[in-house]
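In this text, all values refer to a predicted model and were calculated from it rather than measured experimentally.
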Amino acid sequence: MNKFEQVNSILLIDDDESSNFLHSIFINKLGLDIEINTALNGQEGLDFIMNRGLERLSLPCMVMLDLRMPVKDGWDFMRMYEEQVPEELKQQLAIVLVTVSDNPEDKERAAANPHILDYAQKPLSDSTFKKLIGKHFNLKETV
């Protein structure tokens, strides 16, 4: 799989505001110039991408998608994403499913979805973000 160009932004989609806050700290700790946006459920995340994405989202972008959320969970988000997001935008988004779930069915379902590039177990850390970003994006030597 080819890597994306340098990551310009990360969209954290997670109903846990404290997780979003900690993940923002971990990302900032990497010393990269990355815009960080948050959404509290799958519907907010999709709305952000569809309504404001082209205006406010710096592409290419990594989307960190929590699996278990109210309103629209990660699977609901993926269904709507596949149906509604234009293909040219999908090509600039790297989706990583993030969950506390250790359910093998979730991993298998994520692996079978061509839009989900990775699967990460919570809790995340700065080193987890560094590995995920380095795996899917070209990074500068300083990281």
Side-chain angles (χ1 to χ4, degrees), residues 1-139 143:
M1 175 180 68
N2 292 336
K3 286 189 178 189
F4 289 83
E5 290 302 312
Q6 177 72 29
V7 62
N8 291 321
S9 67
I10 293 181
L11 174 59
L12 303 170
I13 305 176
D14 195 325
D15 63 310
D16 183 2
E17 292 186 50
S18 59
S19 287
N20 288 334
F21 177 74
L22 288 172
H23 292 164
S24 295
I25 290 172
F26 293 147
I27 295 164
N28 285 326
K29 193 175 173 183
L30 297 176
L32 303 171
D33 184 22
I34 297 176
E35 174 187 321
I36 302 169
N37 296 286
T38 61
L40 296 176
N41 60 62
Q43 186 64 59
E44 280 186 24
L46 186 71
D47 290 346
F48 183 87
I49 291 169
M50 294 297 292
N51 299 331
R52 296 172 286 176
L54 295 176
E55 298 168 14
R56 292 186 52 208
L57 194 61
S58 299
L59 299 172
C61 176
M62 176 176 266
V63 178
M64 304 297 292
L65 176 64
D66 186 30
L67 185 56
R68 307 282 184 245
M69 296 178 284
V71 183
K72 299 287 183 189
D73 67 15
W75 297 127
D76 292 331
F77 171 89
M78 289 308 304
R79 180 184 47 76
M80 295 182 306
Y81 176 89
E82 290 167 2
E83 294 170 358
Q84 299 175 29
V85 175
E87 196 60 40
E88 61 273 9
L89 187 53
K90 287 178 187 171
Q91 293 174 10
Q92 298 186 66
L93 299 172
I95 298 177
V96 176
L97 194 64
V98 180
T99 185
V100 293
S101 171
D102 59 356
N103 183 343
E105 290 176 15
D106 288 333
K107 279 188 175 183
E108 291 169 14
R109 190 171 173 188
N113 187 308
H115 300 291
I116 298 174
L117 300 185
D118 223 322
Y119 184 95
Q121 289 285 139
K122 285 183 179 179
L124 301 180
S125 66
D126 53 335
S127 63
T128 305
F129 278 101
K130 184 176 180 179
K131 287 177 190 171
L132 288 168
I133 293 169
K135 182 175 178 182
H136 299 291
F137 294 89
N138 293 319
L139 291 177
V143 176

*asked:* Nearest 0.5 angstrom please: L32 CG to F137 CZ, how far?
replied: 11.0 Å
*Is L12 close to S24 at the side-chain level, that is, under 4.5 Å between some pair of heavy atoms?*
yes
_Test side-chain contact (heavy atoms from CB on, under 4.5 Å) applied to I49 and V85, step by step_ = CA-CA 8 Å; I49 291 169; V85 175; 4.3 Å; yes
_For Y81 and H115, take the angle between the two ring planes, folded into 0 to 90°, and tell me which bin it lands in: parallel under 30, tilted 30 to 60, perpendicular over 60._
perpendicular
*asked:* Ignoring hydrogens, what is the shortest heavy-atom contact between S58 and S9? Give both atom names and the distance.
replied: O-OG, 2.5 Å
*Is a side-chain donor-acceptor pair under 3.5 Å present for Q6 with N8?*
no
_Trace of the side-chain contact (heavy atoms from CB on, under 4.5 Å) decision for N20 with D16_ = CA-CA 7 Å; N20 288 334; D16 183 2; over 6 Å; no
*List the atom of Y119, the atom of T99, and the distance in Å for their closest heavy-atom pair.*
OH-CG2, 3.2 Å
*If you measure from CG on L22 to CD1 on I27, what distance do you get to the nearest 0.5 Å?*
11.0 Å
*Is the closest side-chain heavy-atom distance between N113 and E82 below 4.5 Å?*
yes
*N37 CG to E44 CD distance, which is reported to the nearest 0.5 Å*: 12.0 Å
*asked:* Are more than 12 heavy atoms, taken from residues, nucleotides or ligands other than K90, located less than 6.0 Å from that residue's NZ atom?
replied: yes
*Kindly write out the residues that satisfy side chain to side chain contact (heavy atoms under 4.5 Å, CB included) with D73, not counting sequence neighbours, or none if the list is empty.*
W75, D76
_Within 6.0 Å of CD in E83, more than 12 heavy atoms from elsewhere_ = yes
_Partner of L97 under side chain to side chain contact (heavy atoms under 4.5 Å, CB included), chosen from L117, V63, I116_ = I116
Give every donor-acceptor pair under 3.5 Å between a side-chain atom in residues 65-72 and any protein atom, sequence neighbours left out.
from : atom 1 : to   : atom 2 : distance (Å)
D66  : OD1    : K122 : NZ     : 3.3
R68  : NH2    : D106 : OD2    : 2.8

*Decide yes or no for F48 and T38: does some side-chain heavy atom of the first lie under 4.5 Å from some side-chain heavy atom of the second?*
no
*Check against side-chain contact (heavy atoms from CB on, under 4.5 Å), I10 and M64*: CA-CA 7 Å; I10 293 181; M64 304 297 292; 3.9 Å; yes
*Taking the side chain as every heavy atom from C-beta outward, state whether L59 and L93 have any atom pair closer than 4.5 Å.*
yes
*Might you point out which heavy atoms bring M62 and V7 nearest each other, and give the distance in Å?*
N-CG2, 4.1 Å
*Please name the pair of heavy atoms, one in P60 and one in F4, separated by the smallest distance, quoted to 0.1 Å.*
CB-CD2, 4.3 Å
*Flag side-chain contact, heavy atom, 4.5 Å: S125 against T128*: yes
*Heavy-atom pair with the smallest gap, counting every atom of A39 and G45*: CB-N, 3.4 Å
*asked:* According to side chain to side chain contact (heavy atoms under 4.5 Å, CB included), who are the partners of Q84, at least two apart in sequence or on a separate chain?
replied: L46, M50, M80
*Is a side-chain donor-acceptor pair under 3.5 Å present for S101 with N103?*
no
*In sequence, state the C-alpha distance, the side-chain angles, and the governing distance for D15 and N41, and then conclude on side-chain contact (heavy atoms from CB on, under 4.5 Å).*
CA-CA 5 Å; D15 63 310; N41 60 62; 5.5 Å; no
